[in-house]
Chemist: 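I'd like to ask you about the structure that follows.
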Amino acid sequence: MADMDNKDQAELDPADLEDVEDVEEEETGEDVNSKARQLTVQMMQNPQILAALQERLDGLVGSPSGYMESLPKVVKRRVNALKNLQVKCAHIEAKFYEEVHELERKYAALYQPLFDKRSDIVKAAYEPTEEECEWKADEEEELTEEMKEKAKVEEEKKDEEKEDPKGIPEFWLTVFKNVDLLSDMLQEHDEPILKHLQDIKVKFSDPGQPMSFSLEFYFEPNEFFTNTLLTKTYKMRSEPDENDPFSFDGPEIMGCTGCTIDWTKGKNITLKTIKKKQKHKGRGTVRTVTKTVPNDSFFNFFTPPDVPESGDLDEDSEAVLAADFEIGHFIRERIVPRAVLYFTGEAIEDDDDDYDEEGEEADDEEGEEEGEEENDPDYDPKDANPPAECKQQ
C-alpha cells in the first residue's frame with residue numbers, strides 16, 4: 001500500500017500540486033485575516049487606543065493632502081482668490097449673527113411679560129383664573145363627562161386632605177433635577193437652597209455694547225446667603241479670527257464672570273473643613289490640623305476660573321470652562337424658554353423620542369426580515385441558529 005501511495009503521489013500532475021499549494025495559501029490567508037479582524041475589534045474596544053487614534057485624526061484635519069502643491073501656479077493663484085472670497089463670506093456671516101442677536105434682544109422683550117407672569121404664579125404672587133387653568137390633555141379627549149366629573153371630585157378630595165400649597169413648590173429645583181446636564185451638578189446640600197430659587201431670567205447686552213448675555217437667578221430671602229440675585233455673564237464674540245478666519249462658525253463665548261455670594265456664617269456649602277493628623281519627624285508627636293478646602297456644589301457655577309489675557313489655560317480649567325459654557329448656553333436656549341415642559345418632563349420625553357424612533361425603525365426592519373423568512377417555504381428554523389463560532393462572546 002505504501003508503494004502505491006508513493007506511486008500515486010509521483011503520478012500527480014504538477015498543475016495539481018500548484019492547485020493544492022494555492023488552497024493551502026488561501027486557507028492561511030483566511031486565518032491571518034481572521035486574526036487581524038479580532039485584533040482590530042480588541043483595539044477598538046480599548047479607550048486609550050481610541051483616544052490616541054482620535055487625537056491623530058484631529059491632527060490631520062486641515063493638513064494639506066499634497067494635491068494643492070501639485071497644481072500649476074496659475075491655478076493656485078485662482079484658489080487664493082476663492083479663499084479671499086471665503087474670508088469676506090465669513091465677515092458677512094458674522095454680521096448676520098450680530099443681527100440675530102439684535103432680534104433675540106427684541107423678542108426677549110416680548111417674551112418677558114409672559115415669563116414674569118410665570119414667575120408670579122410659581123412664587124404665589126398671582127393666582128391664575130379658572131380660564132387660564134383649563135388645559136385639555138391628550139388622555140382627557142376620550143373621557144366622558146361623567147368620568148371627568150368623577151375625576152374632578154376625587155382631585156378636590158385630595159386637595160382638601162393636603163395643606164394648601166403656595167404657588168408651585170420647588171419648581172426650579174424640579175426642573176434642575178429633571179435635566180441630566182444640570183442634575184449632575186447638584187449635590188444633596190444644594191437642594192435646600194434651590195428650593196428658594198424663584199426665577200431665572202436671561203438679559204442681553206444693550207444695543208451698541210459688546211455681545212453678551214447674563215443669567216439672573218432670583219432667590220427669596222433665606223438662611224444661607226443674603227443675596228436675592230446671583231448673576232453669571234457670558235461675553236461673546238461674533239467675528240472671524242484674523243489668524244484663522246475659516247474656523248468661524250457663529251458667535252463663540254470668550255469668557256464668563258460670576259458674582260460674590262454673601263454666605264451666612266457657617267452656611268457656605270462651597271467649602272468644607274477637613275482634619276489631618278501630622279506627625280513630627282523628630283519628636284514623634286502628633287497634632288491635628290484643620291484645613292478648609294473646596295467642596296462640590298452647584299453654586300461653584302458662580303465662581304468660574306479666570307481666563308488670562310493670553311487665553312492659555314491648564315487642562316482642568318479648560319474642561320471646567322467648556323462644561324460651564326455648555327450649561328450657560330443650555331439654560332439660556334432651552335431651560336428659561338421652556339421651563340414648564342422640563343418641570344413636567346415633556347421636554348425630556350421629546351428629546352428621547354428622537355432616539356426611540358430610530359430604535360423602533362431598526363426593530364421593525366428586523367421584524368420584517370424575520371417575517372419574510374418564516375413565509376419562505378424553504379425556510380428551516382434550524383438554519384436561523386448561527387454556528388457556535390459565529391456567536392458573540
Side-chain angles (χ1 to χ4, degrees), residues 46-52 55 169-170 172-198 200 214-235 253-331 335:
N46 187 321
Q48 293 180 340
I49 293 177
L50 283 175
E55 185 178 353
E170 303 180 14
W172 289 102
L173 173 58
T174 304
V175 170
F176 278 38
K177 291 171 75 173
N178 281 347
V179 179
D180 289 343
L181 185 64
L182 302 178
S183 65
D184 289 345
M185 301 170 63
L186 297 185
Q187 306 297 322
E188 190 175 345
H189 47 252
D190 291 321
E191 295 188 15
I193 306 178
L194 288 172
K195 289 179 181 180
H196 297 285
L197 178 59
Q198 293 184 315
I200 304 176
S214 297
L215 301 176
E216 300 179 339
F217 295 73
Y218 290 83
F219 288 83
E220 65 182 350
N222 61 80
E223 62 181 298
F224 300 97
F225 45 71
T226 58
N227 312 65
T228 55
L229 173 63
L230 301 180
T231 60
K232 183 76 169 284
T233 300
Y234 291 88
K235 299 173 184 177
I253 296 175
M254 301 303 297
C256 56
T257 54
C259 65
T260 301
I261 301 178
D262 300 319
W263 294 98
T264 305
K265 187 176 180 180
K267 298 291 185 179
N268 187 349
I269 59 173
T270 64
L271 298 174
K272 63 181 178 181
T273 302
I274 60 172
K275 293 182 178 181
K276 283 190 174 182
K277 291 185 177 180
Q278 293 180 342
K279 187 175 182 180
H280 194 278
K281 292 181 180 178
R283 295 191 296 269
T285 56
V286 177
R287 67 173 182 174
T288 301
V289 178
T290 302
K291 294 178 66 177
T292 301
V293 297
N295 191 28
D296 290 338
S297 168
F298 165 77
F299 290 89
N300 291 324
F301 178 70
F302 297 98
T303 53
D306 292 326
V307 179
E309 292 184 6
S310 63
D312 296 330
L313 292 167
D314 58 59
E315 288 185 7
D316 290 341
S317 298
E318 224 171 78
V320 169
L321 277 178
D324 189 297
F325 294 168
E326 182 183 3
I327 291 163
H329 185 74
F330 190 81
I331 292 174
I335 299 299

Chemist: Take Ile327 and Met185, measure what side chain to side chain contact (heavy atoms under 4.5 Å, CB included) needs, and give me the verdict at the end.
Modeler: CA-CA 10 Å; Ile327 291 163; Met185 301 170 63; 3.3 Å; yes
Chemist: Quick one: does Thr264's side chain have a donor or acceptor within less than 3.5 Å of a partner on Phe224's backbone?
Modeler: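 Yes, Thr264 side chain to Phe224 backbone: donor-acceptor pair under 3.5 Å.
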Chemist: Between Ile193 and Phe219, what is the shortest heavy-atom contact and its length?
Modeler: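 Shortest heavy-atom contact: O-CE2, 3.9 Å.
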Chemist: Given side chains that start at C-beta, do those of Phe299 and Trp263 come closer than 4.5 Å, heavy atoms only?
Modeler: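 They are in side-chain contact.
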Chemist: Are Asn295 and Thr270 packed together at the side-chain level, in the sense that at least one heavy-atom pair is separated by less than 4.5 angstrom?
Modeler: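 Contact flag for Asn295/Thr270 side chains = no.
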Chemist: So if I apply the side chain to side chain contact (heavy atoms under 4.5 Å, CB included) rule between Tyr218 and each of Leu229, Leu230, Asn227, which one comes out positive?
Modeler: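 For Tyr218, the side chain to side chain contact (heavy atoms under 4.5 Å, CB included) check succeeds only for Leu229.
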Chemist: Looking only at non-hydrogen atoms, find the nearest pair between Lys195 and Leu173 and report the distance.
Modeler: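 Closest approach of Lys195 to Leu173: CG-CD2, 3.7 Å.
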Chemist: Measure the spacing between CD of Gln187 and CG of Leu194 and express it to the nearest 0.5 Å.
Modeler: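 Answer rounded to 0.5 Å: 11.5 Å.
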Chemist: Hey, does Cys256 have a side-chain heavy atom less than 4.5 Å from the side chain of Phe325?
Modeler: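 SC-SC contact between Phe325 and Cys256 confirmed.
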Chemist: Can you name the closest pair of heavy atoms from His189 and Ile269 and give their distance?
Modeler: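 Closest approach of His189 to Ile269: O-CD1, 3.6 Å.
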Chemist: Go through it in stages, so that I can follow the logic: the residues are Phe302 and Ile261, the test is side chain to side chain contact (heavy atoms under 4.5 Å, CB included), and I'd like the CA-CA distance, side-chain angles, deciding distance and then a yes or no.
Modeler: CA-CA 8 Å; Phe302 297 98; Ile261 301 178; 4.2 Å; yes
Chemist: Which pair of non-hydrogen atoms, one from Ile331 and one from Ile200, has the smallest distance, and what is that distance?
Modeler: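 In terms of heavy atoms, the two residues are closest at CG2-CG2, 4.3 Å.
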Chemist: Under the salt bridge (Lys or Arg N to Asp or Glu O under 4.0 Å) rule, what pairs show up with a residue in residues 220-233, not counting sequence neighbours?
Modeler: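 Residue pairs with at least one partner in residues 220-233: Glu223-Lys267, Lys232-Asp324.
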Chemist: Assess the residue pair Thr290 and Ile274 against the criterion (side chain to side chain contact (heavy atoms under 4.5 Å, CB included)); give the C-alpha distance rounded to whole Å, side-chain angles, the decisive distance to 0.1 Å, and a yes or no.
Modeler: CA-CA 6 Å; Thr290 302; Ile274 60 172; over 6 Å; no
Chemist: Quick check: do Asn222 and Pro192 have side-chain heavy atoms less than 4.5 Å from each other?
Modeler: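 Counting from C-beta outward, Asn222 and Pro192 never come under 4.5 Å.
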Chemist: Look at the rings of Phe217 and Phe301 and say which category their plane angle falls in: under 30° parallel, 30 to 60° tilted, over 60° perpendicular.
Modeler: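 If you compare the ring of Phe217 with that of Phe301, the planes turn out perpendicular.
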Chemist: With the side chain counted from C-beta on, respond yes when Glu170 and Glu191 share a heavy-atom pair under 4.5 Å apart, and no when they do not.
Modeler: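 They are not in contact (no side-chain heavy atoms under 4.5 Å apart), so the answer is no.
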Chemist: Just jot down the side chain to side chain contact (heavy atoms under 4.5 Å, CB included) partners of Thr260, sequence neighbours excluded, or say none.
Modeler: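 Side chain to side chain contact (heavy atoms under 4.5 Å, CB included) check on Thr260 returns Asp262.
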Chemist: Of all heavy-atom pairs between Tyr234 and Gly328, which one has the smallest distance, and what is that distance?
Modeler: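 Residues Tyr234 and Gly328, closest heavy atoms: OH-CA, 3.4 Å.
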Chemist: Using side chain to side chain donor-acceptor pair (under 3.5 Å) as the criterion, point out the one residue from Thr303, Asp190, Asn268 that pairs with Ser297.
Modeler: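 Exactly one candidate clears the test, Asp190.
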Chemist: Would you say Pro305 and Leu321 make side-chain contact, with heavy atoms under 4.5 Å?
Modeler: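 Counting from C-beta outward, Pro305 and Leu321 do come under 4.5 Å.
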Chemist: Passes side chain to side chain contact (heavy atoms under 4.5 Å, CB included), Ile335 versus Leu182? Steps please.
Modeler: CA-CA 10 Å; Ile335 299 299; Leu182 302 178; 4.1 Å; yes
Chemist: Got a sec, which residues hit salt bridge (charged side-chain N to carboxylate O under 4.0 Å, His left out) with Lys272, two or more places apart in sequence or on another chain?
Modeler: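 With sequence neighbours excluded, Lys272 shows a salt bridge (charged side-chain N to carboxylate O under 4.0 Å, His left out) to no residue whatsoever.
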Chemist: Does CD in Gln278 sit with more than 12 non-hydrogen atoms of other residues, nucleotides or ligands closer than 6.0 Å?
Modeler: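 Counting neighbours around CD of Gln278, more than 12 heavy atoms of other residues, nucleotides or ligands fall under 6.0 Å, so yes.
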Chemist: Between OG1 of Thr231 and CD of Glu216, what distance do you get to the nearest 0.5 Å?
Modeler: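 Rounded to the nearest 0.5 Å, the OG1-CD separation comes out at 7.0 Å.
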Chemist: Does any part of the side chain of Lys276, heavy atoms only, come nearer than 4.5 Å to the side chain of Thr288, both counted from C-beta?
Modeler: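 Counting from C-beta outward, Thr288 and Lys276 never come under 4.5 Å.
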